[in-house]
There are 2 protein chains.
Amino acid sequence: MPDQAETRFTRIQQKNRDAILMAALTVFSAGGFKGSTIDQIAEAAGMSKPNVLYYFTSKDEIYQTLLQQLLATWLAPLRRLDPAGDPLNELLEYVRAKLCMARDFPHESRLFAHEILEGAPQLRDILTTKLKPLIDAKVAILNDWMNRGAIRRTDPHHLIFSIWALTQHYADFETQVHAVLGPGHDPYAEAEPFLNNLYRRMLTVDP
Amino acid sequence: MPDQAETRFTRIQQKNRDAILMAALTVFSAGGFKGSTIDQIAEAAGMSKPNVLYYFTSKDEIYQTLLQQLLATWLAPLRRLDPAGDPLNELLEYVRAKLCMARDFPHESRLFAHEILEGAPQLRDILTTKLKPLIDAKVAILNDWMNRGAIRRTDPHHLIFSIWALTQHYADFETQVHAVLGPGHDPYAEAEPFLNNLYRRMLTVDP
DNA sequence: CAGATTATTGACCGGACGGTCAAAGTCAGG
DNA sequence: CCTGACTTTGACCGTCCGGTCAATAATCTG
C-alpha cells in the first residue's frame, strides 16, 4: 500500500481494510491473538494472505487497530450516564444498553475478554490512563446520587463491575449458557427482566 | 513412561506429573491452549521438553487432564447446596464459597474462562451431559424454595448465572479490576459485603 | 555389585505460521 | 490505447513448535 500520510483512503482501500477488520474480529474473538492466523483472516475476508499484509503491515497492527476501534464504542454507554437524569432510570438504562451490546456485538465482547484474560498486553496502559479516569468520574456521580439518597448506598466501583460482569457474561460464556439452558431459550430476553429486577431491588431506597 | 495399565504411579512419576500439571495450569491459564507451548510448561516445571512428553503423550493430554481435575473441584460448592438447609443462608454461603474460589484459585477460573470463551472445544459434551443435569437439579431446589416463599421469586437459571458471573469476574478480569480500582484496594474483601448485600436484598421476601 | 528397568535430555524432523518479494494483473487519466 | 500507479498473489524464507528417537544417566531389584 502506498504511503498515505495525508490523503484519505481510496474506495478500494476502505472496502478492503473494512473487510479485513470485520474478518479479523470474527477470527480473533474466537481464538484470541495467538490462536488465530493471518491465513484464517485472509480466507474470512476473501483474499490472499499477502494482500492482507498489503493493507496492514502485520498481524499485530490488525489486532491493535481492532482494539482501538472497539474501545470507543464499548465505553459509549457508560459515557452517556447523565448526572442530571433520574438516577435509577439512568442506571437501569445503562444495564439495558450493556445487555444489548452483549447481544448485538458478542464478538467485540469476547475479543475484549480475551485481551483482559491474557493480562491486557495491549490495553494495560489505556486501562489506567483512559478507563480509570472515566470510571472515577462516574463513581463520583454515583456517590453524589447515594449522598442525596436517590439510590441506595453501596460500593460504586463494585456496582459498575457487577453490571459489566452480569451483561458480558451472556456473550463471553455463551456456550455454557446455551448448554445449561438447553434449547428453546432466549438468554437475553430472559436476562433483561432479571437484571432490571435485580438492580431495581438493590438500588431502590426503602420507604 | 512404561505401560501402567494396572499399577499405581511410582513416587517419581507422581511427583513429576504433579509438577507438570501445576506448571501447565499456570501457563495455560495465562495464554490459553494455543497460546502456550510445551517448552513454557517444561521450563515452569523445571525439566526438559522431552521429559514432559515422557509423562504425557501430548500437549493435548496435559490440557484435558487439567480440565477434568478442575471441573470436579470447580462444581463442588454448587453440589453442597442443601435443599434441607436455610434457603437464604445456603445461597449466601454458595456466593461466599464461589468468591473464595475465585480468590484462591484464579488460575483455575481463567483456564475455564479460556475454554468456554473459545467455544468449549473440549468441554462441550460435558457441559450438556454433566453440568446441565446438575444445574437442573439445583434449579428444582431453587424453585421449591421460591414456591414455599422462603426466597423471593426470580429466574433460577439466571440467578445461578449471576453468581458465576459476579464471582469469577474478579479472577478473570483481574487486570481490569486492579487498573480501575488503583492501588490500595483488596477487591475480594470489598466484593464480599457487596455481594452479600446484593443477594440479601434480592432474595429476601418483603414482610 | 550386576543387570534390568525407569528417567532424562540433546539433536533432530516435519509442518505451520508470520512475513517478504518479484512478477503479474487492474485501473484511472491523458 | 498507453502509461504509470495501485492492487493481487504464488512462491519462498526463517522461525517456532509439537513430537520423535537414540543415547545416556539414575534408580530399583536380586
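In what follows, every chain begins at residue 1, and chains take the letters A, B, ... in the order their sequences are listed. Only a predicted model underlies this, so the values are computations on that prediction, with no experimental measurement involved.
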(message) Less than 4.0 angstrom between a side-chain N/O of B:N51 and OP1 or OP2 of C:dA7, yes or no?
(response) no

(message) For A:F33 and A:F28, take the angle between the two ring planes, folded into 0 to 90°, and tell me which bin it lands in: parallel under 30, tilted 30 to 60, perpendicular over 60.
(response) parallel

(request) Calculate the interatomic distance between B:E61 atom CD and D:dT20 atom C1'; express it in whole Å. (result) 16 Å

(request) Rounded to the nearest angstrom, tell me the gap between atom CZ in B:R17 and atom C1' in C:dT6. (result) 15 Å

(request) Ignoring backbone atoms, establish whether A:Y54 has a side-chain N or O less than 4.0 Å from OP1 or OP2 of D:dT7. (result) yes

(message) Check the phosphate of C:dA11 against B:S48, side-chain N and O only, distance under 4.0 Å to OP1 or OP2. Yes or no?
(response) no

(message) Return whichever of B:I12 or B:T57 has its heavy-atom-nearest nucleotide of DNA chain D closer to the 5' end.
(response) B:T57

(message) Looking at C:dA7, I'd like to know if its phosphate oxygens (OP1 or OP2) sit under 4.0 Å from a side-chain N or O belonging to B:Q13.
(response) yes

(message) Is there a side-chain contact between B:R11 and the phosphate of D:dC28, meaning an N or O under 4.0 Å from OP1 or OP2?
(response) yes

(request) Grab the NZ-C1' distance between A:K34 and D:dG18 for me, whole Å please. (result) 13 Å

(request) Choose from D:dT9, C:dA11, C:dA7 the nucleotide whose nearest atom is closest to any side-chain atom of B:Y55. (result) C:dA7

(request) Please evaluate the base of D:dG19 for a donor-acceptor partner in the side chain of B:K59 within a cut-off of under 3.5 Å? (result) no

(request) Please name the residue in the list A:D60, A:L67, A:L66 that meets the side-chain contact (heavy atoms from CB on, under 4.5 Å) test with A:Q64. (result) A:D60

(message) If I take atom NZ in residue B:K15 and atom P in nucleotide C:dT6, what distance separates them, rounded to the nearest angstrom?
(response) 17 Å

(message) Using whole Å, what does the distance between atom P of nucleotide C:dG18 and atom CD1 of A:I62 come to?
(response) 10 Å

(request) Report yes or no: is the cationic atom of A:R80 (NZ for Lys, CZ for Arg) closer than 6.0 Å to the six-membered ring centre of A:Y94, at no more than 45° off its axis? (result) no

(request) Quick one: sort the B:F161 and B:H158 rings into parallel, tilted or perpendicular, breaks at 30° and 60°. (result) perpendicular

(request) Measure from the side-chain N and O atoms of B:R110 to the backbone N and O of B:A171, and report whether any donor-acceptor pair falls under 3.5 Å. (result) yes

(request) From the options D:dG19, C:dG19, D:dA11, select the nucleotide whose nearest atom is closest to the side chain of B:L53. (result) D:dG19

(message) Under 4.0 Å, heavy atoms only, any strand: does A:F56 hit a base, just the sugar-phosphate, or nothing?
(response) nothing

(request) Starting from P on D:dG19, measure out to CG on B:D60 and report it in whole angstrom. (result) 8 Å

(request) Could you check whether B:T37 gets within reach of a base, just the sugar-phosphate, or nothing at all, counting any heavy atom under 4.0 Å? (result) sugar-phosphate

(request) Take atom CG of A:D39 and atom C1' of C:dA16, then tell me their distance rounded to the nearest Å. (result) 9 Å

(request) Measure the distance from NZ on B:K49 to P on D:dA22 and round it to the nearest whole Å. (result) 17 Å

(message) Heavy atoms only, 4.0 Å cut-off, all strands: where does B:I38 land among base, sugar-phosphate and nothing?
(response) sugar-phosphate

